[in-house]
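Computed from a predicted model, the values in this text were never measured in an experiment. Values below: all heavy atoms of this structure, side chains included; hydrogens, waters and symmetry mates excluded. A note on names: the letters A, B, ... follow the listed sequences, proteins ahead of strands, and every chain is numbered from 1.
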Amino acid sequence: MPSFQSLSPNVEPPRSEAELLQRALSLAGRSFAEIAQQHQTGIPQHLRKQKGWGGMLMELCLGASAGSKPEQDFPHLGVELKTIPISTKGRALESTYVAITPLLELKGIDWQHSNVRLKLAKVLWVPIIAERGIPVAERVISTPFLWSPSPAQEAMLQKDWEDHMELISLGKIDTITAHQGEILQIRPKAANSKVRTQATGPNGQIIATLPRGFYLRSRFTSGLLADHFGLN
DNA sequence: CACTGATCATGT
DNA sequence: ACATGATCAGTG
């Protein structure tokens with residue numbers, strides 16, 4: 001089976017979930033070098049200045065809608081694409097960014113309509129063996145899989161989300177640290193620590209604060225990997 | 001080894 | 001400025 005024709009540049013959006021998964025599975029075992037070459041794309045020496053490079057390449061391969069829209073990667077399928085760096089033993093090496101943390105105009109928002117629930121409703125996880133000692137070109141795609149939160153997982157996510165959002169509603173965003181949240185934490189999401197956005201302060205006034213994002217703890221995503229690959 | 005706060009590129 | 005894609009780098 002020739003491998004040079006199983007992927008092509010300018011990939012069309014997948015027409016079904018099955019097609020998306022099949023495409024993703026065809027990437028398993030392949031290196032970034034191989035994949036980048038097929039898309040006539042260069043490979044950075046490290047990801048220090050191109051942190052999203054792997055994710056963007058996967059979007060290209062799988063036919064995700066390009067650009068930075070606040071939506072799922074495959075809106076017609078209701079699927080979000082997430083790459084996840086893993087160790088050779090299958091542990092998540094990093095937390096997973098989920099969505100921006102809303103800090104203002106929170107009255108209409110509840111868990112059911114939150115950006116976190118929307119993004120995590122169905123995720124195509126693409127694990128990449130990405131220990132820091134492995135050159136980017138030599139990093140290999142592991143087996144992608146589709147995941148939706150179980151009722152128990154969704155309950156945990158909802159509780160964390162509601163706890164965080166209550167504090168934010170009360171004007172306590174600046175008391176929130178990454179220590180809070182069992183599986184869903186809030187951390188800075190900005191170009192640097194001087195960036196400011198608006199939020200509600202302790203007395204209901206508008207304050208300037210660092211933009212934040214919701215992240216899944218690596219403990220949690222490692223569990224998803226273990227569940228899927230039967231490593232428990 | 002896990003974790004937290006900081007950071008980088010790109011497009012709208 | 002904000003949302004997309006995330007990993008880096010220092011600490012315990």
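Taking only side-chain nitrogens and oxygens, A:Arg212 never comes nearer than 4.0 Å to OP1 or OP2 of B:dG5. In this structure, A:Arg48 does not reach the B:dA9 phosphate: none of its side-chain N or O atoms is under 4.0 Å from OP1 or OP2. Distances shown here put a side-chain N or O of A:Thr197 below 4.0 Å from the OP1 or OP2 atom of C:dC2. Distances shown here put every side-chain N or O of A:Ser95 at or beyond 4.0 Å from the OP1 or OP2 atom of B:dC3. In this structure, A:Arg91 reaches the B:dA2 phosphate: one of its side-chain N or O atoms is under 4.0 Å from OP1 or OP2. For C:dT7, the OP1/OP2 oxygens have no side-chain nitrogen or oxygen of A:His46 closer than 4.0 Å. Note on A:Gln185: a side-chain N or O is less than 4.0 Å away from OP1 or OP2 of B:dT4. Note on A:Ser218: a side-chain N or O is less than 4.0 Å away from OP1 or OP2 of B:dC3. Distances shown here put every side-chain N or O of A:Tyr97 at or beyond 4.0 Å from the OP1 or OP2 atom of C:dG5.
We find that CD of A:Gln45 is positioned 17 Å from P of C:dT7, with the value rounded to whole Å. Rounded to an integer number of Å, the gap from CG of A:Leu62 to P of C:dG5 is 13 Å. If you take CD of A:Gln50 and P of C:dC8, they are 12 Å apart, rounded to a whole angstrom. Rounded to a whole Å, the CZ atom of A:Arg187 is 10 Å from the C1' atom of B:dA6. Rounding to whole angstrom units, CD of residue A:Glu71 and P of C:dA3 are separated by 13 Å. In this structure, A:His179 places its NE2 atom 9 Å from C1' of B:dG5, rounding to the nearest Å. When the C1' atom of B:dG5 is taken as reference, atom OH of A:Tyr215 falls 10 Å away, rounded to whole Å. The CD1-P distance, from A:Ile100 to C:dG5, rounds to 11 Å in whole Å.
Heavy atoms of A:Ala190 sit under 4.0 angstrom from at least one base atom. At the heavy-atom level, A:Gln72 lies nowhere under 4.0 Å from the strands shown. A:Pro211 comes within 4.0 angstrom of no nucleic acid atom, judged by non-hydrogen atoms across all strands. Among the heavy atoms of the strands lying under 4.0 Å from A:Gly55 are primed sugar atoms or P, OP1, OP2 only; no base atom is included. Within the nucleic acid shown, A:Asp73 comes within 4.0 Å of sugar-phosphate atoms alone, with no base atom in reach, counting heavy atoms only. Contact annotation for A:Lys194: no contact, since no heavy-atom pair falls under 4.0 Å across all strands.
A:Ile183 approaches A:Met156 most closely through the heavy-atom pair CD1-CB, 3.6 Å. Listed here is the closest heavy atom pair of A:Ser148 and A:Ala121: OG-O, 2.8 Å. Heavy-atom minimum distance, A:Leu210 versus A:Ala190: CD1-CB, 4.0 Å.
Between A:Arg117 and A:Asp110 there is no salt bridge, since none of the side-chain N atoms of the basic residue sits less than 4.0 Å from a carboxylate O of the acidic one. With respect to A:Glu94 and A:Arg132, a salt bridge is recorded, a charged nitrogen being found less than 4.0 Å from a carboxylate O.
The side chain of A:Glu94 has C:dT7 as its nearest neighbour among C:dT7, B:dC8, B:dA6. For A:Lys119, taking side-chain heavy atoms from C-beta onward, the closest of the listed nucleotides C:dT4, B:dA2, B:dT7 is C:dT4. Ranking C:dG5, C:dA6, B:dA6 by closeness to the A:Thr83 side chain, first place goes to C:dA6.
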Would you tabulate the pairs of protein nitrogen or oxygen atoms and nucleotide nitrogen or oxygen atoms of nucleotides 10-12 of chain C closer than 3.5 angstrom?
none

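No path of Ile, Leu, Val, Met, Phe, Trp and Tyr side chains, each step under 4.5 Å between heavy atoms, connects A:Leu106 with A:Leu118, placing them in separate hydrophobic clusters.
A:Lys122 pairs with exactly one of A:Gln72, A:Glu80, A:Glu17 by the side chain to side chain donor-acceptor pair (under 3.5 Å) rule, that one being A:Glu17.
Residue side chain A:Lys82 does not reach the base of C:dG5 through any donor-acceptor N/O pair under 3.5 Å, judged by distance alone. Put simply, the side chain of A:Lys51 and the base of B:dT7 share a donor and an acceptor less than 3.5 Å apart.
Between A:Thr177 and A:Met56, it is A:Thr177 whose nearest contact on DNA chain B lies nearer the 5' terminus.
A:Lys189 is listed as a side-chain neighbour of A:Tyr215, based on a closest heavy-atom distance under 4.5 Å.
A centroid separation of less than 6.0 Å is found between the aromatic rings of A:Phe229 and A:Phe145.
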